[in-house]
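Here is the structure we will look at.
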Amino acid sequence: MKRWIGAVSAVLMTFAAMPAQAADKVVLMLNWYVYGEHAPFYYGKAKGIYAAEGIDLEIQEGRGSAATTQAVAAKTADFGYVDVPTMMRAAIKGAPVVATGVLLQTSPMSAMGFADKNIRKPEDIKGKTVAITPADSMTQIWPLFLKKTGLKESDFKTVAGDGQTKLNAVINGQADLLLGYVMDQSMKIKDATGKDVYPIKFADYGINMVSSGIIANTDYVKANADLVRRFMSATTKAVEAAEKEPKAAAQSILDANPKGGKIDTLTQGFELTIPLYRTAETKSKRPFQVTDQNMTETVNLLVEYGGLDAKAKDNPKAFYSNDYLPKSGS
């Protein structure tokens with residue numbers, strides 16, 4: 001009996017001495033420098049949601065959705081958080097990337113200006129000056145907004161420049177409005193001036209397009225299906241947790257990156273993001289559960305107005321998959 005007890009004790013001591021299974025290292029590259037929209041990823045990491053799924057998450061800032069898509073295609077990042085239409089343009093040209101979850105299912109695109117200018121509806125844009133960045137996603141869809149709202153290009157003036165030039169044009173009074181995202185450029189203007197910004201949202205005028213989502217390399221997904229499921233499960237839970245605590249979620253950005261902005265505008269920017277997570281069709285679903293109809297409409301709009309190759313219409317489902325998302329309650 002003593003020998004048996006000694007043998008059992010030795011086995012138990014061996015197990016106790018074994019290191020815990022190492023968490024899977026995962027790199028998530030963002031679409032841009034950090035801002036309020038990114039709060040769920042930082043909150044999920046801070047609250048141990050990724051760790052609970054056996055994931056050691058590293059979050060890297062990006063330099064635009066196109067650059068992040070290239071990094072994922074080249075496997076220098078495991079996952080990317082990008083503008084899904086930008087990913088589609090790369091995928092149709094052969095980039096091995098796919099969306100494993102579409103988070104922003106309502107477009108954040110808007111024409112925005114200082115609230116005190118009382119530009120509240122498309123009619124108010126007449127006679128004004130609009131700052132644009134040529135060839136970016138918003139400028140490509142701008143003609144559709146004009147068509148939907150009955151505006152003509154002759155109704156207003158435009159000034160063109162890169163992203164920072166566009167911001168400066170509004171801040172310095174050289175333009176009345178700019179084309180931007182409701183939770184991004186509006187907060188940058190407020191940070192710089194302390195003044196509120198009012199967005200005229202494209203989505204309010206029948207432009208139904210998806211925006212940001214999670215992408216991965218198609219080969220990586222095939223080789224790491226379980227890890228992709230765990231990552232999407234953790235990210236879904238992180239979004240749900242962040243929705244309930246917007247300010248705490250925004251604070252997690254600053255805890256990880258003290259120069260990442262100001263708590264008030266990070267919080268407000270994230271709060272402006274939350275309504276974009278769902279459409280009328282997905283309002284009762286968990287985050288990322290995009291519908292086939294939403295994706296098909298997005299592809300059709302991009303083919304007509306956004307420069308996407310027409311062959312994309314042949315198989316819209318090639319660009320995304322809901323198969324790696326957690327089921328309800330899991």
Side-chain angles (χ1 to χ4, degrees), residues 26-46 50 57-74 76-87 90 97 103-104 107-110 112 131-139 161-172 178-194 197 199 211-215 235 238-239 242 246-274 276:
V26 167
V27 174
L28 169 66
M29 183 177 287
L30 304 177
N31 54 337
W32 198 245
Y33 301 104
V34 66
Y35 57 98
E37 181 184 349
H38 304 136
F41 307 118
Y42 289 92
Y43 196 56
K45 181 174 181 177
Y50 287 97
L57 180 65
E58 177 185 340
I59 304 170
Q60 296 181 356
E61 291 185 309
R63 300 296 181 269
S65 289
T68 297
T69 299
Q70 289 173 358
V72 172
T76 55
D78 301 310
F79 294 92
Y81 181 69
V82 305
D83 175 62
V84 174
T86 298
M87 180 221 70
V97 287
L103 185 55
L104 271 60
S107 175
M109 295 180 182
S110 70
M112 63 181 71
I132 66 170
T133 297
D136 75 358
S137 58
M138 286 167 287
T139 302
D162 63 18
Q164 190 58 51
T165 300
K166 189 168 60 173
L167 286 168
N168 291 341
V170 169
I171 291 169
N172 298 327
L178 61 76
L179 302 187
Y181 283 6
V182 294
M183 68 299 194
D184 183 5
Q185 284 83 359
S186 61
M187 296 298 100
K188 289 175 181 173
I189 293 171
K190 188 170 182 178
D191 268 345
T193 66
V197 173
S211 183
S212 303
I214 299 291
I215 68 166
T235 306
V239 171
K247 188 168 185 177
Q251 182 60 48
S252 68
I253 292 176
L254 294 178
D255 292 343
N257 182 359
K259 295 182 179 179
K262 301 176 182 177
I263 186 60
D264 289 344
T265 45
L266 285 172
T267 303
Q268 187 179 349
F270 178 49
E271 289 173 337
L272 288 168
T273 305
I274 293 172
L276 307 176

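By convention here, the first residue in the shown sequence is residue 1. Keep in mind it's a predicted model, so treat the numbers as computed, not measured.
Residues meeting the side chain to side chain donor-acceptor pair (under 3.5 Å) test with Tyr50, sequence neighbours left out: Thr235.
Gln185 and Leu178 get closest at one heavy-atom pair: CB-CD1, 4.0 Å. Between Pro246 and Ile274, the closest heavy-atom pair is CG-CD1, 4.4 Å. In plain terms, the two heavy atoms of Ala39 and Ser252 that are nearest each other are O-OG, 3.8 Å. The shortest non-hydrogen separation linking Tyr181 to Ser211 is OH-OG, 4.0 Å. In this structure, Gly80 and Val72 approach most closely via the heavy-atom pair N-CG2, 3.6 Å. Scanning all heavy atoms of the two residues, the minimum distance from Val182 to Pro199 falls at CG1-CB, 3.7 Å.
Judged by distance alone, the side chain of Lys190 and the main-chain N or O of Thr265 form no donor-acceptor pair under 3.5 Å. For Thr133 (side chain) and Gly161 (main-chain N/O), a donor-acceptor pair under 3.5 Å exists by modelled atom type. With hydrogens and angles ignored, the 3.5 Å screen pairs no side-chain donor or acceptor of Gln268 with any backbone N or O of Asp264. Formation of a donor-acceptor pair under 3.5 Å by the Ser110 side chain with backbone atoms of Met112 is not found in this model. Checking side-chain atoms of Ser212 against main-chain N and O of Leu104 turns up no donor-acceptor pair under 3.5 Å. Between the side chain of Thr76 and the main chain of Ala71, a donor-acceptor pair closer than 3.5 Å is present.
Summarising the geometry, atom CG belonging to Leu254 is positioned 5.0 Å from atom CD1 belonging to Ile263; distances are rounded to the nearest 0.5 Å. One distance of note links CH2 of Trp32 with CZ of Arg63; it measures 7.5 Å at 0.5 Å rounding. With rounding to the nearest 0.5 Å, the separation of CG in Leu266 from CD in Glu271 is 11.0 Å. Put simply, CD1 on Ile189 and CG on Asn168 are 10.0 Å apart, with the number rounded to the nearest 0.5 Å. For the atom pair CG of Leu30 and NE2 of His38, the computed distance is 4.5 Å after rounding to the nearest 0.5 Å.
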Apply side chain to side chain contact (heavy atoms under 4.5 Å, CB included) to Val82 and Met29, showing your working.
CA-CA 9 Å; Val82 305; Met29 183 177 287; over 6 Å; no
Go through it in stages, so that I can follow the logic: the residues are Met183 and Leu276, the test is side chain to side chain contact (heavy atoms under 4.5 Å, CB included), and I'd like the CA-CA distance, side-chain angles, deciding distance and then a yes or no.
CA-CA 10 Å; Met183 68 299 194; Leu276 307 176; 4.3 Å; yes
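Between Leu272 and Met187 the shortest side-chain heavy-atom distance falls below 4.5 Å. When side chains are defined from C-beta on, Leu103 does not count as touching Ile214, because their heavy atoms never get closer than 4.5 Å. Between Pro40 and Phe270, the closest side-chain pair of non-hydrogen atoms falls below 4.5 Å. With contacts defined as side-chain heavy-atom distances shorter than 4.5 Å, the pair Val170/Lys166 does not qualify. Side-chain contact check for Val27 versus Gln60: some heavy-atom pair is nearer than 4.5 Å. Counting heavy atoms from C-beta on, the side chains of Met109 and Leu179 never come closer than 4.5 Å.
With hydrogens and angles left out, the side-chain atoms of Thr165 and Asp162 include a donor and acceptor closer than 3.5 Å. One side chain, Tyr81 or Glu37, offers a donor N or O that lies under 3.5 Å from an acceptor on the other.
Partner of Tyr42 under the side-chain contact (heavy atoms from CB on, under 4.5 Å) criterion, chosen from Leu57, Val34, Asp255: Val34.
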